[in-house]
Amino acid sequence: EADIYQTPRYLVIGTGKKITLECSQTMGHDKMYWYQQDPGMELHLIHYSYGVNSTEKGDLSSESTVSRIRTEHFPLTLESARPSHTSQYLCASSESGFPTDTQYFGPGTRLTVL
Amino acid sequence: SQQGEEDPQALSIQEGENATMNCSYKTSINNLQWYRQNSGRGLVHLILIRSNEREKHSGRLRVTLDTSKKSSSLLITASRAADTASYFCATDGEHDMRFGAGTRLTVKP
């Protein structure tokens with residue numbers, strides 16, 4: 001099991017609420033990622049970071065924002081949740097910034113917005 | 001955008017049989033990786049094959065890569081019920097890795 005953690009594992013919340021999904025890793029990895037995945041579907045990269053104070057948007061447009069103040073921590077925030085945000089969110093990290101690096105995934109947060 | 005595409009989308013076999021999944025991709029790559037995802041969990045790295053390699057083994061896993069056809073296959077031999085999961089191929093993109101939609105493997109006991 002990789003040393004990368006996500007909380008909460010499951011979240012059911014009402015429309016309009018602000019939420020933060022937590023992701024932390026203890027491997028000292030520089031690069032971190034957030035993916036969105038609907039059940040049985042492909043992963044879509046929504047944010048990534050090369051290191052502290054670095055954040056980039058991924059391929060899939062997302063209304064979420066991220067921050068990277070500490071190497072080990074990469075939280076994702078939704079200012080106003082909507083039913084269209086219902087999905088599974090996966091956090092991952094890799095040792096370096098090379099696209100060829102193996103990624104280590106957290107267990108995911110399953111978000112349901114009512 | 002998606003780089004790798006797995007085929008078939010779903011595969012159901014009996015325990016003890018071999019399972020073969022295929023992945024096709026569009027642009028040249030440095031390496032290709034296979035990941036496994038149990039239901040409702042994150043992905044776990046299985047194996048990496050570099051563009052200059054043609055075949056690689058790891059336990060009951062055998063991966064092949066044909067760069068001329070831009071395709072790879074994952075073979076799981078002597079499958080077990082515990083192998084039931086989704087399997088994804090991933091290729092390196094410009095800034096990150098690109099994952100396909102996966103093959104859903106069901107191994108019946």
Side-chain angles (χ1 to χ4, degrees), chain A residues 1-10 21 23 25 27 29-50 54-61 87-112, chain B residues 1-11 21 23-53 56 58 63 65 84-106:
Chain A
E1 291 275 330
D3 294 324
I4 179 163
Y5 310 98
Q6 290 186 244
T7 57
R9 290 293 316 281
Y10 304 92
L21 307 184
C23 175
Q25 50 94 5
M27 296 175 282
H29 287 172
D30 285 326
K31 198 163 181 184
M32 296 188 74
Y33 316 77
W34 276 104
Y35 293 90
Q36 185 174 341
Q37 182 189 31
D38 291 324
M41 302 296 285
E42 67 190 276
L43 281 71
H44 291 285
L45 181 68
I46 51 175
H47 297 284
Y48 59 100
S49 165
Y50 287 107
S54 154
T55 60
E56 304 286 344
K57 288 188 181 295
D59 296 325
L60 183 67
S61 174
S87 190
Q88 171 152 276
Y89 293 83
L90 295 169
C91 180
S93 71
S94 62
E95 188 170 358
S96 76
F98 295 113
T100 54
D101 249 11
T102 296
Q103 293 188 17
Y104 298 87
F105 283 80
T109 293
R110 186 166 296 279
L111 173 66
T112 302
Chain B
S1 61
Q2 184 178 335
Q3 161 77 307
E5 292 188 15
E6 291 88 346
D7 172 65
Q9 289 185 334
L11 180 61
M21 290 157 268
C23 170
S24 59
Y25 56 92
K26 297 183 177 68
T27 60
S28 61
I29 58 171
N30 293 304
N31 68 40
L32 185 143
Q33 303 184 39
W34 285 91
Y35 287 77
R36 165 192 167 127
Q37 183 182 34
N38 286 76
S39 181
R41 305 285 297 182
L43 279 70
V44 175
H45 178 256
L46 293 176
I47 196 166
L48 179 153
I49 186 165
R50 302 192 188 285
S51 60
N52 61 354
E53 296 176 311
K56 202 161 182 179
S58 176
V63 170
L65 179 64
T84 294
S86 291
Y87 293 82
F88 294 83
C89 69
T91 54
D92 47 308
E94 185 178 351
H95 301 292
D96 49 58
M97 217 146 41
R98 303 298 176 90
F99 292 85
T103 291
R104 173 72 190 166
L105 173 66
T106 302

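Chain A is the first sequence line, chain B the second, and so forth, proteins listed ahead of strands; every chain is numbered from 1.
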Engaged part of L43(B) at the chain A interface, taking heavy atoms whose separation is under 4.5 Å: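 For L43(B), backbone and side chain are both near chain A.
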Give, as side chain, backbone, both or neither, the part of Q37(B) having an atom under 4.5 angstrom from any heavy atom of chain A.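 Only the side chain of Q37(B) comes within 4.5 Å of chain A.
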Do N30(B) and S51(B) meet the criterion of a side-chain donor-acceptor pair at a distance under 3.5 Å?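 Result is no, nothing qualifies.
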Applying side-chain hydrogen bond (donor to acceptor under 3.5 Å, both in side chains), can you list everything that pairs with R104(B), at least two apart in sequence or on another chain?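 Testing R104(B) for side-chain hydrogen bond (donor to acceptor under 3.5 Å, both in side chains), a comparison that skips the adjacent residues, returns none.
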Please classify the contact between E56(A) and chain B as side chain, backbone, both or neither, with a heavy-atom cut-off of under 4.5 Å.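 Contact with chain B involves no heavy atom of E56(A) at all.
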Between L43(A) and chain B, which part of the residue has a heavy atom less than 4.5 Å away: side chain, backbone, both or neither?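 It is both, since atoms from each part get that close.
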Closest contact, heavy atoms only, T84(B) versus N38(B):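 Heavy-atom minimum between the residues: O-ND2, 3.7 Å.
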Over 60° means perpendicular and under 30° means parallel, so classify the ring planes of Y35(A) and Y33(A), tilted if in between.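 Rings of Y33(A) and Y35(A): parallel, under 30°.
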